[in-house]
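Predicted, not measured: the structure shown is a model, and the values here were computed from it. The basis for the numbers below is simple: all heavy atoms, side chains too, and nothing from hydrogens, waters or symmetry mates.
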Amino acid sequence: MRLATRRDGSPDGELIVVSTDGARCRSAGPDLPNLVAAIERWDTAEPALRALADVLEAGEGDPLDAATLAAPLPRSWQWLDGSAFATHGELMQVAFGLDPVPTDRPLMYQGISDRFYGPRDDVPFPDPALGIDFEGEFGVIVDAVPMGVSPEQAAAHIRLIVQINDWSLRAVAPIEMKTGFGWVQAKPPCSVAPFAVTPDALGADWRDGRVAMDLLVDWNGERFGAANGVEMQWSFPELVAHAARTRDLVAGTIIGSGTVSNANYAEVGSSCISERRAIEIIASGAPATRFMADGDTIRMEARAGNGGAPFGVIEQRVAVRGQTI
């Protein structure tokens, strides 16, 4: 089942169900006005939404206008982003000149959740000198998760899967990291691909709590990376359990995988610029790839084993405006 949010002038938009081929849709109706309402009572909402999905697969429904779509959750109660790919973590230590972090737990931070950019929104930044970077990753949306759940228990609370571009400002990140207080300025709002899908919709591409799909990343029309999500050191159920260790997670919490990264990066490329720069530092002693500039475009599309794109596509442009900070 594929869900999306259509802009209707309200903060949370209108929840719609989308056909598998992405051509048709149906409104979820007044009882389920938005995805927040649906995820808060998923046990009763899911059967109604699946009934609409069956209608769409029978060939009924209205034409889908992709230009009207916001992020599946235009805002949420909570956004927690992990760093679950070991290769990315190792390369970022090189990029930032940091020592390895000795831990047997996933790394995770809490980011901005009061807004998520839609898949075709221009993304504003105040100054290109801040080191504008994209980060392709996957995420899950959970219903209410009790404190102290095990990974096995956490798996049952994963209701939807999404594709994310976690924007970063690399010139600010090292400064904030040194404070030990986490990121504020270095992490603007994320962008999310148009469709949130149930785990069963991915079939064999949802494997051991991981999205086993290539994430195709094109910067200014040129292929930058095609890393696969299967190499997560920590699975999504483990990330959810980690987040819920000392607190309940409210329904609608989004948990990210961190930047998708593979050990064979020389073959598949990268999902963020900073990782590419780290590879260049290792190879030649200095980075050669610049960060993003005004007018640059980014495209991200996770490709399933059958060639489909269940999450749809993120296609965005950097729009620099405002004063230097």
Side-chain angles (χ1 to χ4, degrees), residues 1-76 116-121 138-143 156-164 191-207 211-216 251-252 254 299-315:
M1 181 170 62
R2 303 171 88 187
L3 304 178
T5 292
R6 184 161 53 195
R7 288 187 168 96
D8 64 355
S10 69
D12 298 305
E14 176 193 15
L15 177 61
I16 59 175
V17 185
V18 179
S19 61
T20 302
D21 62 8
R24 300 177 308 283
C25 66
R26 273 284 179 89
S27 171
D31 290 338
L32 297 171
N34 50 60
L35 186 51
V36 175
I39 204 73
E40 286 179 338
R41 43 194 171 104
W42 188 253
D43 287 344
T44 58
E46 184 182 18
L49 295 171
R50 287 194 180 274
L52 289 174
D54 290 341
V55 169
L56 291 167
E57 294 314 306
E60 299 183 30
D62 305 315
L64 176 67
D65 181 359
T68 66
L69 299 182
L73 275 174
R75 60 178 181 171
S76 180
F116 292 90
Y117 294 122
R120 297 188 177 188
D121 294 345
F138 297 109
V140 297
I141 303 174
V142 299
D143 61 10
H157 293 280
I158 295 174
R159 300 305 190 179
L160 296 167
I161 306 170
V162 291
Q163 174 193 312
I164 298 167
S191 305
V192 188
F195 307 128
V197 304
T198 50
D200 63 286
L202 297 185
D205 294 315
W206 176 246
R207 191 181 312 158
V211 181
M213 297 171 60
D214 292 340
L215 182 55
L216 309 184
I254 308 172
R299 186 182 193 275
M300 295 183 180
E301 178 186 51
R303 193 67 59 80
N306 63 6
F311 306 107
V313 180
I314 293 174
E315 294 183 284

Is there side-chain contact between Asp121 and Ser191, with heavy atoms separated by less than 4.5 Å? no

Within the structure provided, determine whether Leu3 and Phe195 are in side-chain contact (heavy-atom separation under 4.5 Å). no

I'd like to know if the side chain of [X] and the backbone of [Y] have a donor-acceptor N/O pair within less than 3.5 Å.
X	Y	result
Asp205	Gly305	yes
Glu14	Ser27	no
Gln163	Met300	yes
Asp214	Leu216	no

Atom pair [atom1]/[atom2] of [X] and [Y] - distance to nearest 0.5 Å:
X	Y	atom1	atom2	result
Thr198	Arg50	OG1	CZ	4.5 Å
Ile16	Thr68	CD1	OG1	6.0 Å
Leu49	Thr44	CG	OG1	9.5 Å
Asp143	Ile39	CG	CD1	6.0 Å
Leu64	Arg2	CG	CZ	9.0 Å
Ile314	Arg120	CD1	CZ	12.0 Å

Between Ile161 and Phe311, does a side chain to side chain contact (heavy atoms under 4.5 Å, CB included) hold up when you go through it step by step? CA-CA 8 Å; Ile161 306 170; Phe311 306 107; 3.8 Å; yes

So which heavy atom on [X] is nearest to which on [Y], and how close?
X	Y	value
Ala302	Phe138	CB-CE2, 3.6 Å
Glu40	Ala251	CA-CB, 3.8 Å
Pro11	Pro74	O-CB, 3.5 Å
Leu69	Ala4	CD2-CB, 4.2 Å
Leu32	Ala48	CD1-CB, 4.4 Å
Arg24	Leu56	NH2-O, 2.6 Å

So Val17 and Val55, side chain to side chain contact (heavy atoms under 4.5 Å, CB included) or not? Walk me through it. CA-CA 10 Å; Val17 185; Val55 169; over 6 Å; no

Run Asp43 and Arg159 through salt bridge (charged side-chain N to carboxylate O under 4.0 Å, His left out) and show every step you take. CA-CA 10 Å; Asp43 287 344; Arg159 300 305 190 179; 3.6 Å; yes

Would you please test Arg6 and Asp62 for salt bridge (charged side-chain N to carboxylate O under 4.0 Å, His left out) and show each step? CA-CA 13 Å; Arg6 184 161 53 195; Asp62 305 315; 5.7 Å; no

Given Val192 and Leu73, is the side chain to side chain contact (heavy atoms under 4.5 Å, CB included) satisfied, shown in steps? CA-CA 8 Å; Val192 188; Leu73 275 174; over 6 Å; no

